[in-house]
Amino acid sequence: MNIHQTLPIYENKKDILYLLEKYSTLIIIGTTGCGKTTQIPKYLWESGWADGGRQIVCTQPRRISTVSVATRVADEMNQSVGKTVGYSVRFDEQIDDNLTRIKYTTDGMLLREMMLDPLLLRYSVIMVDEAHERSLNTDMLFGLLKKIQKARFLKKSENSRIDELKLIISSATLQVEQLQKYFQNSYILTIGKGQRIYPVDIMYLEEPCINYLDKCYHTVIDIQNSQPPGDILVFLTGKEEIDTLIERLDNFFSTQKSKISVVLLALYSQMSMEKQLKVFQQTNPSMTRKVIVSTNVAETSLTIDGIVYVVDCGFIKIKSYSPLEAMESLVVVPVSQSSANQRSGRAGRNRPGKCYRLYTEDSFSKLDHNLIPEISRSNLTPLILQLKNMGIDNILNFDFLTLPPTNNLASALETLYKLGAIDDNGKLTETGGILSEFPLDPQLSKVLLTSQRFHCTFECLIIVSMLSLQSNLYDIQSHSHRKDVLIRQGDHLTLLNIFQQFQQSNYSKSWCKSRQINYKSMTMALKIKNQLQAYLKKFSIPIQSIQDTDEKDLTIPIRKCIVAGFFNNIVRLQSDGTYKSIGNPLLDNLYIHPISVLSLQNSSPFLLYNEILYTTKRFIKDLIVIEPEWLIK
DNA sequence: CCTACATTC
């Protein structure tokens, strides 16, 4: 028997093909490992869905899984990836325009494609995978795909060359009634459990615990002292908790003698690749026991073999957005039932396992089934600009699976209006059209676009690339490691200097390391810069440097461009030494974050910030000094 | 003086 025929999905092959002929949308429920992601596109290809130059596309929420699944499917077909099976993610593409019939891509990439080909006519079937995660891009895809499906259905009657668009929505959880109602003429198909999943014993606390970090500590020690060999995966909410637990466990185990020694490993996405890979290194289970203390990365993004015990603290750190303060922040909230189940499932990949939930069974039953979708707790400015680009003028009428809070929609529209991206009627302007094409936050695109007028595109391109990094630039906060790169006039100019010196060092890893600058972040900034450069060329924007002008203070034009994008983020010095927003009365008592170069010495009456952090105080960071008269425009 | 989940174009 062929190995692929042992996957549970094989039994459903005929059903899937039949149901897809009959219904417009097929909703497939199947657990991880059931083979839906790898096998369904292949079945469709075999049965002719990619004939006549058409393609089958399958979207993923993440880059890594997109590349790895495409590679695996190509491998199963004894081909290299980029022939019949290809992938397309940002910065990396393996597609042959003539040969590729099955394409894996990120949902963000498919959204980009829609801007060029609004009906996505090359695709006969679009499969949206991991729909239960409800990522921002997945939710946006839902609304747009539904619209495309309708439009193609209507056009089909007038133009025989246009095909109906078939959708497959695949989800790991059972809560799909909402999806079935949402997609017309849809059908739910449940696929048998993955054969490779073993049973996991779930243990709850008798009494709720006060300090879950403490409870984690004792639970790990108990497992080590009383349970047979097998690695442990602990879920916590963030880096600091992880480091604390590891330190405490290290102190304990270093004084203990036992037959099986313990290896303590942290896991979070900010870590360097080398450190992450340690988690995957095989150890001899009769000699050592790995204890991996992780954030949510291990719940969805990374899968580690050999885990037998899972310890679940019951909490998760998520993004939350306040439109009134125009501020995103992170909050710790109880996990959802589906997250908890996903976490416990990590214990049963290789053999039966155990999961210790550090809360009571009663608390579990009271948890929400799913978290609030990301679209309801995000800044929607970029998303709405993209919708406007696709001709969706009335955002309130857009068919969101979950309608985001009206406040978030309103504040996004207001920002777009102030940026000049939409007009009084809410229609996309010419500027807005250009802004939406850049793979950037609209405010950053605006800085870049404005730089043409001030002849400093070369400098702004670098600053914008550095600002659009989502991860930490500095490994250690202290300035003392970076004295030679700091520019006292502001953080943006420091970012520019860091990038240029990094380039002069020939992109040296050790140059970064000796200054405690994150190398991963710097290489990402370089990739972003190169990509943006291509877009500038597309819009015929020359990359002029301010150095080539006869400007006296070279920083003034650069600072003016930043104001053009971030005019909402201006603060004024008050008599007590704190800053207050000039536009938003809610933003008061703001302190300069110690990581800013302006924390070293500053008494400027007006500053512009790029970020507010709400920790012990409200801190503003990524700052430059500005002149109030620049604001009148 | 310092509280960064995870993603994506």
Side-chain angles (χ1 to χ4, degrees), chain A residues 59-66 88-93 105-116 130 133-141 235-244 267-271 294-302 313 315-320 328-333 335 339 342 371 373-375 377-378 382-383 385-386 389 435-442 444-445 465 468-480 518 521 524 527-528 531-532 534-535 577 591-596 598-600 611 613-621:
Chain A
T59 70
Q60 297 290 313
R62 282 169 293 278
R63 294 161 48 86
I64 296 183
S65 51
T66 306
S88 172
V89 298
R90 190 182 189 185
F91 308 127
D92 190 12
E93 184 173 277
T105 188
T106 50
D107 35 26
M109 278 299 265
L110 193 65
L111 288 168
R112 285 276 146 190
E113 259 185 60
M114 263 181 224
M115 292 167 67
L116 303 170
E130 313 287 358
E133 288 186 24
R134 298 291 305 274
S135 79
L136 191 59
N137 285 337
T138 303
D139 266 28
M140 191 169 158
L141 264 187
F235 283 102
L236 286 175
T237 71
K239 179 176 183 297
E240 189 171 311
E241 278 178 4
I242 291 170
D243 292 342
T244 310
L267 181 64
Y268 39 83
S269 78
Q270 273 281 301
M271 284 182 351
S294 172
T295 61
N296 233 27
V297 275
E299 189 184 309
T300 47
S301 314
L302 299 173
C313 78
F315 288 88
I316 182 173
K317 198 179 278 189
I318 59 166
K319 191 172 64 188
S320 107
E328 277 180 344
S329 53
L330 292 168
V331 288
V332 174
V333 297
V335 287
S339 280
Q342 182 74 26
L371 282 178
E374 197 183 3
I375 198 166
R377 44 188 175 84
S378 298
L383 181 147
L385 181 60
Q386 218 173 340
N389 173 295
L435 294 183
S436 67
E437 296 255 354
F438 285 95
L440 285 172
D441 265 8
L444 290 170
S445 316
S465 302
S468 71
L469 289 174
Q470 294 293 297
S471 46
N472 275 346
L473 179 62
Y474 304 131
D475 286 327
I476 289 177
Q477 298 233 344
S478 152
H479 289 300
S480 55
N518 192 291
S521 299
M524 180 55 83
K527 282 186 192 170
I528 294 171
Q531 191 188 33
L532 294 178
Y535 278 93
Y591 289 79
I592 293 178
H593 195 282
I595 202 159
S596 169
L598 294 184
S599 69
L600 300 171
E611 201 180 340
L613 286 179
Y614 194 20
T615 52
T616 52
K617 292 172 187 156
R618 275 170 195 253
F619 289 105
I620 45 176
K621 58 175 264 194

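Residue contacts shown for Lys527(A) are absent, as no nucleic acid heavy atom lies under 4.0 Å away. Base contact: Glu374(A) has a heavy atom under 4.0 Å from a base atom. Looking at heavy-atom distances under 4.0 Å, Val332(A) makes no contact with the nucleic acid at all. Phe438(A) comes within 4.0 angstrom of nothing in the nucleic acid, heavy atoms only. Residue Ser135(A) is out of contact with every strand shown, counting any heavy-atom pair closer than 4.0 Å. Contacts of Lys239(A) with the nucleic acid, taken as non-hydrogen atoms under 4.0 Å apart, involve only primed sugar atoms and P, OP1 or OP2. Asn472(A) comes within 4.0 angstrom of a base, heavy atoms only. Residue contacts for Leu111(A): at a heavy-atom cut-off of 4.0 Å it reaches no nucleic acid atom on any strand shown. Contacts of Gln470(A) with the nucleic acid, taken as non-hydrogen atoms under 4.0 Å apart, include base atoms. Base contact: Arg90(A) has a heavy atom under 4.0 Å from a base atom. The residue Tyr268(A) sits close only to the backbone: its heavy atoms come under 4.0 Å of sugar-phosphate atoms, none of a base. No contact: Ile316(A) has no heavy atom under 4.0 Å from any strand.
A distance of 9.0 Å separates CD in Gln60(A) from CD in Glu133(A), rounded to the nearest 0.5 Å. Atoms OG1 and NZ, from Thr295(A) and Lys317(A) in turn, are 9.5 Å apart once rounded to the nearest 0.5 Å.
When the ring-ring contact (aromatic ring centres under 6.0 Å, His included) test is applied to Phe315(A), the partners found at least two apart in sequence or on another chain are Tyr212(A). Phe438(A) is linked by a ring-ring contact (aromatic ring centres under 6.0 Å, His included) to Tyr535(A), Phe539(A), counting only residues two or more places apart in sequence or in another chain.
Not a single donor-acceptor pair under 3.5 Å links the side chain of Ser599(A) to the backbone N or O of Ile595(A). Judged by distance alone, the side chain of Arg377(A) and the main-chain N or O of Glu328(A) form no donor-acceptor pair under 3.5 Å.
No side-chain heavy atom of Leu371(A) sits less than 4.5 Å from a side-chain heavy atom of Arg134(A).
Using a 4.0 Å cutoff to heavy atoms of chain A, the contacted part of DNA chain B runs 5' to 3' from dC2(B) to dC9(B).
Closest-nucleotide positions on DNA chain B for Gln270(A) and Tyr535(A) were compared, and the one nearer the 5' end corresponds to Gln270(A). In this structure, Asp107(A) and Lys621(A) both approach DNA chain B, and ranking their closest nucleotides by distance from the 5' end singles out Lys621(A).
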